[in-house]
Amino acid sequence: MAKIGILGDIHSNIEALRAVLKALDAEGVARLACTGDVVGYGASPCECIALVRERCETVVAGNHDFGAVGKKPLDYFNSAAREAIHWTAKRLSDNERLWLSSLPLVVAREEYQLVHASFDEPLEFSYIFEPMEAAASFEKQPGALAFFGHTHWPCAFFDGEPVRVQIERVVPLDSPGKILVNPGSVGQPRDSDPRAAYAVLDTDRRKVSLRRAEYDIASAADKIIAAGLPASLAERLSYGY
């Protein structure tokens, strides 16, 4: 079987990232792709960058990634996000800064495409919560199957009249139209489930499975507090929002 792990919105949460990688390794999933936002919010940006660079065959830029290197204006972000971005930027090496700066906004591979937010003006980092927003992205989506992040909500959209949305954990790939899947967030879930979220694309069985992994939330939260980052960024991890 050919399986590809899809993960994103890691947000400097090394505990969550390691848990997801451990789960993927246990399943024998060696190929990995990342929908962006490797950094931001959490207290382990450099560790997360190192693991993503080592393990992922494809990575696209998220708004926090670009914010940390001055490629996205900080007035786009809320106050807690801005504070975390300032904190992160001070800790990046020149090599890490160069890597984040060079990340593409869109990648198209044979089996899948990646974007952080929307294929419709990807540098704007617009959110896709509703079918109408997905429809605008579908118009620019280069292939049949794509993955996105940004909202931290695991779901799938199916192109058609009308565009459909699905939140079930198995996404069948037998639809004749385009499909857009969000694997959810590794490091800061917002769907009221605090477990790290990710997805597995099975190209042989023609499906995407949306998965969760338990991780040491307390340790990740303690690091945020110890770093002097906003307490709200630590507190929200336990609630999954």
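A cation-pi arrangement is absent between K72 and F66, since the terminal nitrogen or guanidinium carbon is not both under 6.0 Å from the aromatic centre and inside a 45° cone about the axis.
In I167, the CD1 atom is not crowded: 12 or fewer heavy atoms of neighbouring residues, nucleotides or ligands sit closer than 6.0 Å. Within a 6.0 Å sphere centred on NZ of K22, other residues, nucleotides and ligands contribute 12 heavy atoms or fewer. More than 12 heavy atoms of other residues, nucleotides or ligands lie within 6.0 Å of OH in Y127, so this atom counts as buried by the packing criterion.
In the hydrophobic clustering of ILVMFWY residues, with side-chain heavy atoms under 4.5 Å counting as a link, L229 and L92 come out apart. Linking ILVMFWY side-chain heavy atoms closer than 4.5 Å, directly or via other members, places I217 and I10 in two distinct hydrophobic clusters. Hydrophobic clustering (side-chain heavy atoms under 4.5 Å, transitive across Ile, Leu, Val, Met, Phe, Trp, Tyr) groups L17 together with V59.
For S219 (side chain) and D216 (main-chain N/O), no donor-acceptor pair under 3.5 Å exists by modelled atom type. With S126 contributing its side chain and S118 its backbone, the two residues share no donor-acceptor pair below 3.5 Å. The closest donor-acceptor contact from the side chain of E96 to the backbone of S93 lies under 3.5 Å. Using a distance-only test at 3.5 Å, with no hydrogens or angles considered, a donor-acceptor pair links the side chain of S185 to the main chain of D9. K71 contributes a side-chain N or O that, together with a main-chain N or O of S101, makes up a donor-acceptor pair within less than 3.5 Å.
Using a 4.5 Å heavy-atom threshold, the side chains of I128 and L180 count as touching. For the pair N182/T151, a side-chain contact is recorded, criterion being any heavy-atom separation below 4.5 Å from C-beta on. Q141 is not listed as a side-chain neighbour of D159, based on a closest heavy-atom distance of 4.5 Å or more. Side-chain contact between F129 and C155: absent, with no pair of heavy atoms (C-beta onward) separated by less than 4.5 Å. Residues L24 and V200 meet the side-chain proximity criterion, which asks for heavy atoms closer than 4.5 Å.
Residue pairs that meet the salt bridge (charged side-chain N to carboxylate O under 4.0 Å, His left out) test with at least one member in residues 218-228, sequence neighbours left out, are E15-K223. Residue pairs satisfying the ring-ring contact (aromatic ring centres under 6.0 Å, His included) criterion with at least one member in residues 11-31, sequence neighbours excluded, are listed as follows: H11-Y41, H11-H64, H11-H152. Pairs engaging residues 23-32 under the salt bridge (charged side-chain N to carboxylate O under 4.0 Å, His left out) rule: K3-E27, D25-R55, E27-R211, R31-E57, R31-E111 [sequence neighbours left out].
At a cut-off of 3.5 Å, with distance as the only test, no side-chain donor of R164 or Q166 sits close to an acceptor on the other residue. Counted by atom type alone, Y215 and N13 present one or more donor-acceptor pairs between their side chains at under 3.5 Å.
Between the SG atom of C34 and the CG atom of L32 there is a distance of 9.5 Å, given to the nearest 0.5 Å. The CZ atom of F157 lies 9.5 Å from the OG atom of S137; values are rounded to the nearest 0.5 Å. Atom OG of S192 and atom OH of Y239 lie 12.0 Å apart (nearest 0.5 Å). Separation of atoms OG (S232) and CD1 (I224) is listed at 9.0 Å; rounding is to 0.5 Å. Note that SG of C56 is 5.0 Å distant from CG of L7, once rounded to the nearest 0.5 Å. From T58, atom OG1 reaches atom CD of Q113 across 11.0 Å, with rounding to the nearest 0.5 Å.
The minimum heavy-atom distance between F119 and A146, with the atom names listed, is CE1-CB, 3.5 Å. Residues A16 and G187 approach most closely at CB-CA, 4.2 Å, considering heavy atoms. Between L237 and A221, the closest heavy-atom pair is CD1-N, 4.1 Å. In plain terms, the two heavy atoms of P194 and P189 that are nearest each other are O-CG, 3.8 Å. When every heavy atom of V20 is checked against every heavy atom of A196, the shortest pair comes out as CG2-CB, 3.7 Å. Between V163 and A134, the shortest heavy-atom distance links the atoms CG1-CB, 4.2 Å.
Checked against side-chain hydrogen bond (donor to acceptor under 3.5 Å, both in side chains), R97 has the following partners two or more places apart in sequence or in another chain: D94. Residues that satisfy the side-chain hydrogen bond (donor to acceptor under 3.5 Å, both in side chains) test with Y76, not counting sequence neighbours, are H150. With sequence neighbours left out, Y198 forms a ring-ring contact (aromatic ring centres under 6.0 Å, His included) with no residue at all. For the side-chain hydrogen bond (donor to acceptor under 3.5 Å, both in side chains) test, no residue two or more places apart in sequence or in another chain qualifies with S79. Remark: R236 pairs with no residue by the side-chain hydrogen bond (donor to acceptor under 3.5 Å, both in side chains) rule, at least two apart or across chains.
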Legend entry - Verdict with reasoning, L123 to L105, per side-chain contact (heavy atoms from CB on, under 4.5 Å): CA-CA 7 Å; L123 187 56; L105 288 165; 3.9 Å; yes
Inset, instruction - Show your reasoning for whether salt bridge (charged side-chain N to carboxylate O under 4.0 Å, His left out) applies to D193 and R212. - result: CA-CA 9 Å; D193 184 341; R212 306 305 280 237; 3.8 Å; yes
Inset, instruction - Begin from the C-alpha positions of R169 and S209 and carry the test side-chain contact (heavy atoms from CB on, under 4.5 Å) through to its verdict. - result: CA-CA 6 Å; R169 294 308 180 192; S209 300; over 6 Å; no
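With respect to D202 and K207, no salt bridge is recorded, no charged nitrogen being found less than 4.0 Å from a carboxylate O.
With side-chain heavy atoms closer than 4.5 Å counting as contact, directly or through intermediates, the hydrophobic cluster containing V107 also holds I4, I6, V60, Y112, L114, L145, F147, F158, V171, L173, I179, V181, L201, V208, L210. Summarising the hydrophobic clusters (Ile, Leu, Val, Met, Phe, Trp, Tyr; side-chain heavy atoms under 4.5 Å, direct or chained), the residues clustered with L98 are none.
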In a table with atom names and distances, give each donor-acceptor pair under 3.5 Å that connects a side chain of residues 80-89 to protein atoms at least two apart or in another chain.
residue	atom	partner	partner atom	Å
R82	NH1	F77	O	2.5
W87	NE1	A227	O	3.4
T88	OG1	A84	O	2.8

Which donor-acceptor pairs under 3.5 Å do side chains of residues 46-53 form with protein atoms, sequence neighbours excluded?
residue	atom	partner	partner atom	Å
R53	NH1	N95	OD1	2.5
R53	NH2	N95	OD1	3.4

